[in-house]
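Working notes, beginning with the structure itself.
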Amino acid sequence: MASIALKTFTGLRQSSPENNSITLSKSLPSTQPHRRLRINASKSSPRVTGRNLRVAVVGGGPAGGAAAETLAKGGIETFLIERKMDNCKPCGGAIPLCMVGEFDLPLDIIDRKVTKMKMISPSNVAVDIGQTLKPHEYIGMVRREVLDAYLRDRAAEAGASVLNGLFLKMDIPKDANAPYVLHYTAYDSKTKGAGEKRTLEVDAVIGADGANSRVAKSINAGDYEYAIAFQERIKISDDKMKYYENLAEMYVGDDVSPDFYGWVFPKCDHVAVGTGTVTHKADIKKFQLATRLRADSKITGGKIIRVEAHPIPEHPRPRRLQDRVALVGDAAGYVTKCSGEGIYFAAKSGRMCAEAIVEGSENGKRMVDESDLRKYLEKWDKTYWPTYKVLDILQKVFYRSNPAREAFVEMCADEYVQKMTFDSYLYKKVAPGNPIEDLKLAVNTIGSLMRANALRREMDKLSV
Amino acid sequence: MSMALFSAPPLHFPTLSSSKRHLTSKPYPSLSFKKPHLTFLVSPRAIDNGSGSAVTVDPEILEEKAAQDDGAVKVEESNGSPPVASAGAPAPEVVRMFKDPRWVGGTWDLKEFQKGGETNWDSVIDAEVRRRKWLEDNPESSSNEAPVLFDTSIIPWWAWMKRFHLPEAELLNGRAAMVGFFMAYFVDSLTGVGLVDQMGNFFCKTLLFVAVAGVLLIRKNEDIGTLKKLVEESTFYDKQWQASWKDESSSNSKDS
């Protein structure tokens, strides 16, 4: 549907529409001379006179908040447009430990510190992971409305103007350094409920407006495959809640999701029970029912206080920036496979993009152009590509079928695996492992996979 | 005995099922899922073996569960919601659990599989296959009170070998020998390097390796297609990521 909608935008583009089909280009190396040439050009880009560089950040989630703060601190005139200030996005809400330090988050916005994870296989083998965690290590669970508001407030403190408004579209300038004109419906004390159409002129735009990004549509960024995540917030009795105090559960199995996992995450005073899928979106309710059934006795008697569903991008958009418009966070498609994590990467990409703009504009004194923003993209891909790829491989190998999932759970019982996964999750660095342990792990994993698949073949024989 | 456990006091049934319905449909009527009707209690096979078997469902747990559900419903009623009619409640719904006399305390009781003083691993594998098959059709609730402890790695490697590899081993060995012989002959006829000299040659060692890997990986014709698909799949994500760079090169070439 989205692709049909996009076609109407093709007329707005100056250049002819590219085919978005993805073929691995051999021309990659050939881009180097071009880019270098353009970077030289940007250094000679004109100074902005009488004011600082103006940048609009569309969307006030973690990506937008982090970007706006960095921009404002870098001396750039920043506008943050957010449609709903208390939006509580359906989201698992898990943040890695390193985010607390890197973004200087206060500890009171973390509702729960998860130190135990339970992985439950299709045949209900439960494995506790997290015994290897050191006392100060945990996975933070936040409520998005709290985290988002906090980051926005900090951006405002740093000098960004936060506008409550719904971004509608933007006019892309014909001339090289002409401003972008953003159209939005403003909601503030003057406009009352109805809202008022306004425009805003800026020199660059950061699109941080999530999976259904309008900024992405206006630059014809193309579509991505998305997973649908379905989640129910269930209020359960206190004694049952005690079990989930610092524990999250992950269920895997064909019944729960053919290509993802079902989860029970503790929230501030309730649990979030949900599941997701890419391939069988129509069956999501069936999977949700199965997830609930698997958690059965642990959540019975619970009261559903909210039901939510949301698209989760599977891979980056074919185009993540054009001229002076860049996409970050979910709008760009930075969600990992396998774990489905996105908050940290959103905030990080927002910051990285803002840093590139601050640097390219020499603290708001000069105009920026595409080559400046390209630096953000380059740095991003260099830093995080391995993480995304590893998780993609994990998902492909272990979420493939029930026997593979059994093997996955068996593998997770290994302490070395737990240590490595948590280290890479919490600190977002792929630590070099111990080669002997790695080898042992490989042998064990292949053993598990072969055993599980052997059983599967026998199961197939049974049904015939 | 186990049957008696399953037919818990009828008193609890209405409350149990009604609380279930409350969970699914109360706050969001539009989202109410149709519960698949759950009339079966245990698999027929398990019933056959059920008499005098070891207990797998702790009676206390069931009681506790029912009691808690009771409580939940009462709270709901005190909130002023209409009481749920219990007279016309559908067929009793019971926690579905896998049942087998040899499945004790979350694992296969290996004593039951003794044959001539030794464990008959083949029948352990058979039993586990049947359990997994059953679970696939009837996903079971996980519970902390009755954890599943069975781990396939307790079955020794030779039992797996004997059952799954040996029937195929003859074929693979024969194939490898034939391919190897033919390749040696081929190399000899082309280059004049004899069989003994080939052993000391790096190229020939590589060929040997390729032959063995090929025999192992491609067992059926379909395997070629599967392998091809695997390669495509593993590079697909890379292509998705590369897209924005490819895009730049094309737009650049237009610009300049």
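The minimum heavy-atom distance linking B:Y237 with A:E314 is given by the pair CE1-O, 3.6 Å. Looking at every heavy atom in both residues, A:A454 comes nearest to B:F164 through O-CE2, 3.5 Å. Nearest heavy-atom pair, A:P122 versus B:L135, reported as atom, atom and distance to 0.1 Å: O-CD1, 4.4 Å.
Note: A:M459 CE to B:R131 CZ = 10.0 Å, rounded to the nearest 0.5 Å. Rounding to the nearest 0.5 Å places CD1 of B:I125 at 10.5 Å from CZ of A:R451.
Within the 4.5 Å cutoff, the side chain of A:D392 has no heavy atoms near those of the B:F236 side chain. Counting only heavy atoms from C-beta outward, the side chains of A:R320 and B:W241 approach each other to under 4.5 Å. B:T152 is listed as a side-chain neighbour of A:L455, based on a closest heavy-atom distance under 4.5 Å. No side-chain heavy atom of B:S234 sits less than 4.5 Å from a side-chain heavy atom of A:K396.
With a threshold of 4.5 angstrom between heavy atoms, A:L377 approaches chain B through its backbone and through its side chain. Heavy atoms of A:K389 lying under 4.5 Å from chain B belong to its backbone as well as its side chain. Contacts between A:Y388 and chain B at a heavy-atom distance below 4.5 Å involve backbone atoms as well as side-chain atoms. Proximity to chain A is limited to the side chain of B:L230, based on heavy atoms less than 4.5 angstrom apart. For A:I120, the part sitting under 4.5 Å from any heavy atom of chain B is the side chain, from C-beta outward, and nothing else.
Side-chain atoms of A:E249 and B:S142 form no donor-acceptor pair, as typed in the model, at a separation below 3.5 Å.
Per-residue counts of heavy-atom pairs under 4.5 Å with chain B were compared for A:Y224, A:W385, A:Y251; the largest is that of A:W385. Interface remark: of the candidates A:D254, A:N444, A:I393, A:D255, A:D255 forms the most heavy-atom pairs closer than 4.5 Å to chain B. Per-residue heavy-atom pair counts under 4.5 Å with chain B were compared for A:V256, A:N402, A:D381, and the maximum is reached by A:D381.
When the side chain to side chain contact (heavy atoms under 4.5 Å, CB included) test is applied to B:E168, the partners found at least two apart in sequence or on another chain are B:L172, B:R219. Residues that satisfy the salt bridge (Lys or Arg N to Asp or Glu O under 4.0 Å) test with A:R400, not counting sequence neighbours, are B:E233.
A salt bridge links A:R456 with B:E136: at least one charged nitrogen is closer than 4.0 Å to a carboxylate oxygen.
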Checklist entry - Checking side chain to side chain contact (heavy atoms under 4.5 Å, CB included) for the pair B:R132/A:E406: CA distance, chi angles, key distance, verdict? => result CA-CA 11 Å; B:R132 291 205 176 172; A:E406 296 283 355; 3.7 Å; yes
Item to check | Step-by-step salt bridge (Lys or Arg N to Asp or Glu O under 4.0 Å) determination, A:E458 to B:K133 | outcome: CA-CA 9 Å; A:E458 290 291 293; B:K133 180 86 192 157; over 6 Å; no
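Within 6.0 Å of CE on A:M241 lie more than 12 heavy atoms contributed by other residues, nucleotides or ligands.
Between the side chain of B:S141 and the backbone N or O of A:L293 there is at least one donor-acceptor pair closer than 3.5 Å. Remark: side-chain polar atoms of A:N124 are paired, donor with acceptor, to backbone N or O of B:E140 under 3.5 angstrom.
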